[in-house]
Amino acid sequence: LVSYWGSAYDWRKAEAKLNALPQYLTNIDGLDIHFIHVRSRHPNALPLVMTHGWPGSVFELLKVIGPLTDPTAHGGSAQDAFHLVLPTIPGFGFSEKPKGTGWNPDRVARAWDVLMKRLGYARCATEGGAWGAIICDAMGRQAPEGLLGIHVNRVERATTLPPEVAKALRSGDPAPADLSAEQRTVFDEAREFLSKGFGYASIMGTRPQTIGYSLADSPVGLAAWCYDKFADWVFTRGEPERSFTREEMLDDITLYWLTNTGTSSARIYWENLAGTSPAGGGVSIPPAVAVFPGGVYKPPKAWAQRAYPKLAYYNQVDKGGHFAAWEEPLLFSTEVRAAFRSLR
């Protein structure tokens with residue numbers, strides 16, 4: 001991948017993908033926020049703010065712009081159309097890097113509410129995976145006026161684990177005896193991830209500046225750090241080339257390199273562990289959940305209902321992973337349409 005990056009990859013093609021879309025900067029809470037804003041041609045489209053994760057970017061969402069804004073051209077109906085707003089999290093991509101602390105998911109969520117109202121949307125919904133899902137949860141807790149619903153496509157995080165399961169995982173105790181066979185499988189998946197796949201988050205959550213110097217100094221180091229997670233989290237586990245082209249992976253990695261955001265993007269892990277965000281729960285806006293099988297672990301519906309008492313929609317699909325919109329754009333778009341259909 002690195003050899004191809006240095007000899008054949010063309011960033012200008014990536015620039016053309018972005019420049020074909022309406023992009024803007026707006027200052028919110030002292031930072032310039034980059035966002036893509038694509039309005040649907042369908043008059044009753046629902047405004048939707050969608051948020052990327054790490055090591056993703058707006059590139060991971062580009063494939064769903066067409067299916068969501070123009071569903072009639074992609075096997076859907078005009079009643080399922082969305083106006084899309086795709087902001088970049090502060091410290092990532094073309095958004096400004098925070099110069100101080102405090103930009104945790106709750107603060108980002110408040111910024112997204114300001115952004116949607118600034119764009120003239122009195123009502124909207126929100127969607128996200130990974131950090132985007134955590135920001136969606138924060139918006140659901142804050143319940144700003146006009147927010148109709150949230151949709152999350154990556155729910156494998158501590159807030160979706162029953163307290164007794166989370167306690168056993170933290171302490172290394174055996175699984176609770178009353179787990180069903182399905183729940184025991186999920187418990188084992190979570191334990192595997194925490195013991196073998198969580199090191200990146202522990203490092204960035206405690207020492208973002210330290211690892212950040214390596215990511216800012218070496219393009220090969222940055223590529224390896226990102227590629228490791230591509231390989232871990234795609235549906236084709238260990239073989240990201242079966243899910244993405246080399247260009248797609250390098251578009252994302254190059255964006256991190258050219259904007260020098262290896263360090264600043266890592267800081268959200270520290271911010272989230274710094275005790276400034278409430279620990280899950282309290283989502284009062286109707287949540288929708290889509291579980292993709294390539295995720296780290298796949299919370300069953302009973303756990304999702306416990307985490308989200310007002311759960312309005314839940315579905316497990318058969319393809320896709322952490323980067324759901326990137327890997328399976330049509331399936332992802334079908335899920336988002338179905339999840340929000342009753343809120344229009």
Side-chain angles (χ1 to χ4, degrees), residues 1-19 34 52-63 88-98 129-132 154 192-273 294-296 321-327:
L1 185 70
V2 168
S3 176
Y4 182 82
W5 196 13
S7 62
Y9 172 74
D10 186 357
W11 168 252
R12 300 303 175 198
K13 292 180 180 179
E15 284 183 336
K17 292 178 192 175
L18 293 177
N19 290 337
H34 165 264
H52 62 88
W54 181 94
S57 65
V58 290
F59 276 117
E60 69 180 277
L61 304 175
L62 299 189
K63 292 181 183 178
T88 296
I89 298 170
F92 288 70
F94 295 115
S95 282
E96 192 174 352
K97 303 176 182 70
W131 283 111
R154 190 181 174 196
E192 175 82 2
F193 170 64
L194 290 172
S195 64
K196 297 183 179 179
F198 196 64
Y200 78 99
S202 294
I203 292 170
M204 293 199 293
T206 57
R207 296 292 187 273
Q209 294 295 121
T210 307
I211 188 63
Y213 287 128
S214 300
L215 303 181
D217 184 65
S218 168
V220 176
L222 175 68
W225 196 247
C226 294
Y227 181 90
D228 177 67
K229 305 334 295 178
F230 293 155
D232 267 2
W233 294 341
V234 292
F235 180 54
T236 54
R237 286 283 174 82
E239 297 181 273
E241 293 82 3
R242 291 176 56 198
S243 296
F244 305 130
T245 66
R246 289 181 296 187
E247 281 76 11
E248 286 173 335
M249 287 187 282
L250 289 171
D251 287 349
D252 188 65
I253 293 168
T254 306
L255 179 62
Y256 277 84
W257 180 253
L258 295 179
T259 56
N260 192 24
T261 49
T263 306
S264 54
S265 62
R267 291 183 194 136
I268 196 168
Y269 286 83
W270 182 89
E271 292 284 3
N272 199 52
L273 291 177
V296 174
H322 173 94
F323 307 97
W326 209 0
E327 295 177 65

Pair Leu18-Leu62, side chain to side chain contact (heavy atoms under 4.5 Å, CB included): steps then yes or no: CA-CA 9 Å; Leu18 293 177; Leu62 299 189; 4.3 Å; yes
Roughly how far, to the nearest 0.5 Å, is [atom2] of [Y] from [atom1] of [X]?
| X | Y | atom1 | atom2 | answer |
| --- | --- | --- | --- | --- |
| Glu15 | Thr254 | CD | OG1 | 10.5 Å |
| Ser218 | Trp257 | OG | CH2 | 6.5 Å |
| Tyr227 | Asp252 | OH | CG | 14.0 Å |
| Glu327 | Phe230 | CD | CZ | 10.5 Å |
| Ser264 | Ile89 | OG | CD1 | 11.0 Å |
| Trp5 | Arg246 | CH2 | CZ | 14.0 Å |

Kindly check if the number of other-residue, nucleotide or ligand heavy atoms within 6.0 Å of CZ (Arg237) is above 12? yes
Salt-bridged, Glu248 to Lys63, with N to O below 4.0 Å? yes
Residues Glu192, Lys196: salt bridge by 4.0 Å N-O rule: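 A salt bridge is present here (some side-chain N lies under 4.0 Å from a carboxylate O).
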Kindly determine whether His34 and Glu96 satisfy side chain to side chain contact (heavy atoms under 4.5 Å, CB included), including the steps that lead there. CA-CA 8 Å; His34 165 264; Glu96 192 174 352; over 6 Å; no
Aromatic plane relationship, Tyr200 with Trp54 - under 30° parallel, 30 to 60° tilted, over 60° perpendicular: parallel
Quick check against the 3.5 Å criterion: does [X] have a side-chain atom that pairs as donor or acceptor with the backbone of [Y]?
| X | Y | value |
| --- | --- | --- |
| Ser95 | Thr88 | yes |
| Thr261 | Phe92 | no |
| Tyr213 | Thr263 | no |
| Glu60 | Phe323 | no |

Write down the atom of [X], the atom of [Y], and the distance for their closest heavy-atom approach.
| X | Y | answer |
| --- | --- | --- |
| Trp233 | Pro55 | CZ3-CD, 3.7 Å |
| Ala266 | Met204 | CB-SD, 3.4 Å |
| Ala223 | Val2 | CB-CG2, 4.4 Å |
| Tyr256 | Ser265 | CE2-OG, 3.5 Å |
| Gly205 | Leu273 | CA-CD1, 3.6 Å |

Partner set under side-chain hydrogen bond (donor to acceptor under 3.5 Å, both in side chains) for His322, not counting sequence neighbours: Arg154
What residues, two or more places apart in sequence or in another chain, satisfy side chain to side chain contact (heavy atoms under 4.5 Å, CB included) together with Leu215? Ile211, Leu222, Trp225
Ring centres under 6.0 Å, that's the criterion: do Trp326 and Phe59 meet it?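 No, the ring centres sit 6.0 Å or more apart.
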How would you list, by chain and number, every residue that makes a ring-ring contact (aromatic ring centres under 6.0 Å, His included) with Phe193, sequence neighbours excluded?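 Result, ring-ring contact (aromatic ring centres under 6.0 Å, His included) vs Phe193: Phe198.
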Show, in sequence, the C-alpha distance, side-chain angles and deciding distance for Ile203 and Tyr269, and conclude whether the side chain to side chain contact (heavy atoms under 4.5 Å, CB included) test is met. CA-CA 9 Å; Ile203 292 170; Tyr269 286 83; over 6 Å; no
